[in-house]
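This report concerns only the one structure given below.
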Amino acid sequence: MARKILCVAEKPAIARAVATHLSGGSMQTHSIRGNQFVKNYEFDFNFGGIWGSCSVTMTSVVGHLTGLDFERQYKGWLSCPPGSLFEAPVHESVDNVRDKLPIAENIKNQARYSKALFIWTDCDREGEHIGSEVRHQARSGNSRIEVKRAKFSNTERAHVLRAAREPIELDEYQANAVAARIELDLRIGAAFTRLQTLQLQAVVAALKERVISYGSCQFPTLGFVVDRYLRVQNFKPETFWSIKVMLNREGKKVNFLWKRVHLFDRAAVTMMLERCLLAKQTKVTKVNQKPTSKWRPLPLTTVDLQMMGSRFLRLDSQTIMKVAEALYTKGYISYPRTETDQFDKAIDLKKLVEKQLPDNSWGQYAQGLLDGNFRTPRAGRHNDKAHPPIHPVCWVSPNSLAANERKVYEFVVRRFLACCSDDAKGQSTEIEIQYGEEMFHANGLIVLERNYLDVYVYDKWESSQQLPKFERGELFEPTEANISEGKTAAPNYLTEPELIGLMDANGIGTDATMAEHIAKIKEREYVATRARGSGRSAVQELIPTRLGVALVEGYDNVVSGLPNSVSLSKPFLRKEMELRMMEICSGTKTRQDVVQESLDMYRDVFIHTQRRIEMLKAACRKYLIEEAAS
DNA sequence: GCAAGGTC
């Protein structure tokens, strides 16, 4: 067999899974020198039309292979004005940390003897860029090597075999979009970080030796926390009034709620109630009884895992991701970083359900699914075309898991079984009445079939008190009708699941990094966590520190004079960068265009900040000296 | 001593 193909995946686990399928399980495994994670797998495979029978070496990288940095003379913080980092020369090199050099060497050496490089990185934007990094290494060993990539979105056997026989081209546009992102994040992050750190350290003693970093993701993340904090601080409660109608019938109390909910004008409400009382009788205008259901959850994505996890498992998002990664590495659950909330038709879900039969808590439930209760999961609207939704891969005894691992594993399994179940079914009743000119309603619910709720203990859906009988058109005199008074309540401080939801909705960070950004602004002491409530019902809330508030207020003051008022603590700038990346992907803009445009925009803000640096300093003095003293 | 994104 003369021809050799070099396959390179994005991570060791994919290399192993693909090699196993292509070789039918009979590959040879070799460790590489200098890296404990990456392995080379050797076997023969018939690629069909394109390359025919070949010997194959399948290996991997471990995420990005290279990093971008400034030339040496710009590395010292005092070596140049921070603003010059917008233009300073940069270079890409193999990261010397975490044993990446041996991985690069391995690819270069293997490429020497290979006819073709076959890239198996994830089929997303970052994956295309990692593929281009791999290509660069391979070409340094063999400049004439042919380059292809595999198109795949999971490691099901049939799917992998087809991908192996239908190679496509690397998407240069997507790789370029990522290259632009990398350069912008570096230049903008470093320039602003050095500027504000050097300037603010000199103002307040408390900031000496502290790094005050700026990042296009960490600042908007901080902005969300501060925004909510200010809304809580500035909240003024308002009194409102409402009309309540109650009827005693068949020994049951029925409370009717006002259609207007409440008003802030006491006199008006009093007058409305008086008109009701004048009418004496109320008339039933609607009796609506209909079947209703509570939908089973969607297949699990990373964002949902983090949001539901912080809410129900009492773990912060970073812990959840660490634990999920450990479960993935041990082969218990699928890849935990995914945006996909729809299962591919090719996945044999019943086989996965069957694996859970031995479990003491949910084994019986799983059996029920196999005995006829199984339903095809709902399909959400997201598909990253790289990974399936998070699901259990095999059953694992709770005894062999650490406490946090057990919690996360149990959540993943229960969620998966819930997805494969039927919706909960019930009957809802809505009674609407007219009393004078005003409308009121009462709602009832009877849960008839719990279905997925039996296994998905995190959702609550319970029958309300049963309503007595009403008939459309009937008249009755209410037992009570009066005014009730209430006060609007201040919003709560932001919780971690809420913050993740905001980041997700605004495109701040990715599924894999959102937890890191939150951890980063805690590490920088821009925000702190505090428990709201106590015991089992305690919730962690995020509260900005004085420094966090000072930075947001200071920058808002700085840019308030700019014509299109760009705020560094709002998500808009990041969103704009995302839109420009998409333009590179669609071919309407080049990488150079986008880098130039974005740098011009941020350079404006930067120069403005330098000119009005006093406003930033003043905000820090205000919060860190005056307030600390008072 | 800076970023964000991969992954371990």
Side-chain angles (χ1 to χ4, degrees), chain A residues 9-15 35-39 60-70 74-80 82-83 85-86 88 90 92 95 97-100 103 121-122 124-134 174-175 177-201 207-221 302 321-322 324-330 335-337 384 386-387 503 507-521 523-524 568 573-574 577-578 581 598 602:
Chain A
E10 184 164 322
K11 41 200 167 242
I14 296 283
N35 187 293
Q36 54 170 318
F37 301 108
V38 173
K39 302 267 189 293
S60 74
V61 287
V62 194
H64 283 288
L65 194 55
T66 58
L68 194 69
D69 210 347
F70 298 106
Y74 293 89
K75 288 204 178 157
W77 281 39
L78 299 171
S79 66
C80 62
L85 297 178
F86 281 100
V90 288
E92 196 179 70
D95 265 330
V97 290
R98 270 177 281 210
D99 308 329
K100 299 220 167 174
I103 302 175
T121 50
D122 293 351
D124 53 24
R125 241 168 24 194
E126 298 293 330
E128 298 305 314
H129 188 266
I130 293 169
S132 75
E133 297 172 51
V134 170
Q174 291 194 49
V178 171
R181 198 245 333 129
I182 290 172
E183 183 175 346
L184 289 169
D185 282 336
L186 173 68
R187 292 187 184 284
I188 297 162
F192 275 97
T193 298
R194 286 189 196 178
L195 174 73
Q196 66 189 26
T197 301
L198 294 172
Q199 291 289 332
L200 297 179
Q201 274 183 347
L207 298 180
K208 271 222 166 75
E209 313 288 311
R210 284 251 291 270
V211 173
I212 305 165
S213 60
Y214 169 83
S216 56
C217 288
Q218 35 179 292
F219 251 52
T221 305
T302 306
M321 288 314 289
K322 283 228 175 77
E325 264 157 38
L327 291 170
Y328 159 69
T329 318
K330 292 181 194 165
Y335 192 63
R337 291 191 273 270
D384 62 20
H387 302 284
M503 293 172 74
I508 301 300
T510 67
D511 47 12
T513 61
M514 285 188 296
E516 289 173 30
H517 298 312
I518 298 173
K520 177 70 81 182
I521 60 173
E523 180 194 326
R524 296 282 186 239
L568 293 180
L573 282 173
R574 181 79 206 181
M577 197 193 289
E578 185 63 33
M581 282 170 72
S598 299
Y602 274 95

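Here the structure is a predicted model, which means the values were calculated and not measured. These numbers come from the heavy atoms of this one structure, side chains and all, not from hydrogens, waters or symmetry mates.
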Indicate, with a heavy-atom threshold strictly under 4.0 Å, whether [X] touches base, sugar-phosphate, or nothing.
X	answer
A:R524	sugar-phosphate
A:T197	base
A:F219	nothing
A:Q201	base
A:Q36	nothing
A:P82	nothing
A:G509	sugar-phosphate

Gap between atoms [atom1] and [atom2], on [X] and [N] respectively (whole Å):
X	N	atom1	atom2	answer
A:F192	B:dA4	CZ	C1'	16 Å
A:L85	B:dG1	CG	C1'	13 Å
A:E578	B:dG5	CD	P	9 Å
A:L78	B:dC2	CG	C1'	13 Å
A:E516	B:dG5	CD	C1'	8 Å
A:D511	B:dA4	CG	C1'	13 Å
A:I521	B:dA4	CD1	P	11 Å
A:L68	B:dC2	CG	P	17 Å

*Count the heavy atoms of every other residue, nucleotide or ligand shown that sit under 6.0 Å from NZ of A:K322, and state whether that count exceeds 12.*
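No - once you tally the heavy atoms of other residues, nucleotides and ligands closer than 6.0 Å, there are 12 at most.
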Between A:G215 and A:K11, whichever has its closest DNA chain B nucleotide further toward 5' is A:G215
Of A:M514 and A:L198, the one whose closest nucleotide on DNA chain B sits nearer the 5' end is A:L198
Given 3.5 Å as the limit, does a donor-acceptor pair link the side chain of A:S60 with the main chain of A:A9, or not? no
Can we say A:R574 and A:D185 salt-bridge, meaning some charged N sits less than 4.0 Å from an Asp/Glu carboxylate O?
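Judged by the 4.0 Å cut-off on N to carboxylate O distance, A:R574 and A:D185 do form a salt bridge.
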Between A:K11 and A:E126, is there a side-chain N and carboxylate O pair less than 4.0 Å apart? no
Does a nitrogen or oxygen in the side chain of [X] sit under 4.0 Å from OP1 or OP2 of [N]?
X	N	value
A:T193	B:dA3	no
A:R187	B:dA3	no
A:Y335	B:dT7	yes
A:R574	B:dA3	no
A:H517	B:dA3	no

**Study point:** Check against side-chain contact (heavy atoms from CB on, under 4.5 Å), A:I130 and A:D122
**Key:** CA-CA 9 Å; A:I130 293 169; A:D122 293 351; over 6 Å; no
Side-chain contact check for A:C217: nearest option of B:dT7, B:dA3, B:dG5 is B:dG5
Review point. Considering only B:dT7, B:dA3, B:dC2, which nucleotide approaches the side chain of A:D122 most closely?
Key: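 The answer is B:dT7.
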Do the ring planes of A:F192 and A:Y214 sit parallel (below 30°), tilted (30 to 60°) or perpendicular (above 60°)?
-> tilted
*Does the ring of A:Y214 lie flat against the base of B:dA3, closer than 5.5 Å centre to centre with planes under 30°?*
no
